[in-house]
Amino acid sequence: MAFTVRVFGIFTNGAVGSENVQSRRARTLDDINRANQVWGSGFPGGARCEINFVLAGTYNFPDTTINGSTVGSVDDPQVENLIRQVRQDENDASAIYVVYVSGETLSNGVSTGNAGPATKFNDSTKFVGRAVITDGAANSFIFAHEAGHVLFGRFTSTGALTLDDPSSGKPHNDDENNIMFPIVPNENPLINTEQCTTARQSSVIVENS
């Protein structure tokens with residue numbers, strides 16, 4: 001059984017991979033393939049979750065330049081504006097919408113990515129995923145980490161929205177080998193069974209087959 005998550009890559013001027021159609025596709029696919037290693041087949045010692053990320057399309061905004069140093073989070077209006085445009089073009093499809101920006105870090109000087117879910121335009125109980133990723137996240141498992149934040153988005157029994165890691169009760173995991181550790185592992189990051197169980201219930205997942 002596969003649990004499918006669609007991904008749209010949204011490129012701004014000057015971001016790594018923004019040069020042409022082929023490079024945009026290649027960068028998005030690299031992030032997707034790494035996420036599939038973590039959340040799909042899994043590395044030895046971790047859970048095998050069978051979540052399958054697929055490329056749904058790429059968008060290019062050559063007239064829009066966003067340096068990560070001016071962005072605090074995925075809620076930044078510069079980022080949200082691009083995501084909203086693509087969501088409208090795609091009829092608000094359930095997916096993770098990834099905005100690639102230039103620069104090595106976001107405005108906090110440390111983070112190379114930020115992500116979370118947002119409710120759909122007309123349905124407060126369904127999510128779409130949003131992420132913003134800098135050049136510093138290229139060739140890493142950062143997207144796989146940010147996808148985790150999206151997949152963990154859920155409502156608690158009290159109706160509150162939480163993004164917490166279900167296995168730690170906090171935004172991040174304490175295991176330095178876990179994909180949700182604050183400093184994302186460079187090699188063979190793992191997930192655990194509790195993380196997988198929660199992630200599989202995400203409304204961002206569009207297909208069980």
Side-chain angles (χ1 to χ4, degrees), residues 2-7 9 28 30-54 68 71-75 79 94-101 104-118 127-157 160-205:
F3 298 81
T4 301
V5 179
R6 294 179 293 206
V7 178
T28 311
D30 182 72
D31 282 342
I32 286 172
N33 290 337
R34 291 171 184 269
N36 283 333
Q37 288 180 291
V38 177
W39 294 97
S41 56
F43 288 104
R48 180 184 176 91
C49 202
E50 296 183 328
I51 292 177
N52 181 42
F53 296 83
V54 297
V71 176
S73 74
V74 73
D75 296 319
V79 172
S94 294
I96 300 180
Y97 297 80
V98 186
V99 177
Y100 292 97
V101 301
E104 290 297 304
T105 65
L106 298 180
S107 62
N108 59 17
V110 177
S111 177
T112 52
N114 186 264
F127 293 126
V128 294
R130 305 176 301 159
V132 57
I133 292 179
T134 69
D135 292 344
N139 304 312
S140 77
F141 288 97
I142 296 294
F143 170 70
H145 174 99
E146 301 304 338
H149 287 304
V150 171
L151 293 171
F152 293 158
R154 61 203 186 277
F155 293 107
T156 67
S157 58
L161 172 64
T162 181
L163 308 183
D164 284 348
D165 181 331
S167 63
S168 70
K170 300 180 294 186
H172 291 101
N173 197 278
D174 295 328
D175 180 357
E176 63 182 12
N177 297 310
N178 192 281
I179 187 61
M180 301 311 296
F181 190 67
I183 301 173
V184 179
N186 291 324
E187 295 183 359
N188 303 345
L190 306 178
I191 61 170
N192 59 48
T193 301
E194 194 170 356
Q195 290 172 322
C196 176
T197 298
T198 296
R200 282 181 167 186
Q201 297 172 27
S202 171
S203 63
V204 175
I205 290 173

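Positions are given from 1, in the same order as the sequence printed here. We use all heavy atoms of the structure for the numbers below, so side chains are in, but hydrogens, waters and symmetry mates are not.
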What closest approach, in Å, do [X] and [Y] show between heavy atoms, and which atom pair accounts for it?
X	Y	result
Glu104	Thr112	O-CG2, 3.5 Å
Pro117	Gly153	CG-CA, 3.9 Å
Phe143	Val98	CE1-CG2, 3.5 Å
Phe152	Ala199	CE2-CB, 4.3 Å

Measure the shortest side-chain to side-chain distance between [X] and [Y] over non-hydrogen atoms and say whether it is less than 4.5 angstrom.
X	Y	value
Pro189	Val184	no
Gln195	Asp165	yes
Leu151	Phe3	no
Asn178	His172	no

Backbone N/O of [Y] and side chain of [X]: donor-acceptor pair under 3.5 Å:
X	Y	value
Ser94	Val204	no
Asn114	Val132	no
Thr134	Leu106	no
Trp39	Ala144	yes
Arg200	Ile51	no
Arg6	Tyr97	no

Query - Short side-chain donor-acceptor distance under 3.5 Å, Asp174 and Ser168 - result: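 No, Asp174 and Ser168 have no side-chain donor paired with an acceptor closer than 3.5 Å.
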Query - Approximate separation, where rounding is to 0.5 Å, of Ile133 CD1 and Thr28 OG1 - result: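 If I round to the nearest 0.5 Å, the distance is 9.0 Å.
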Requested in this report: Calculate, to the nearest 0.5 Å, the distance between atoms NE2 and CD1 belonging to His145 and Ile191 respectively.
Outcome: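 Answer rounded to 0.5 Å: 13.5 Å.
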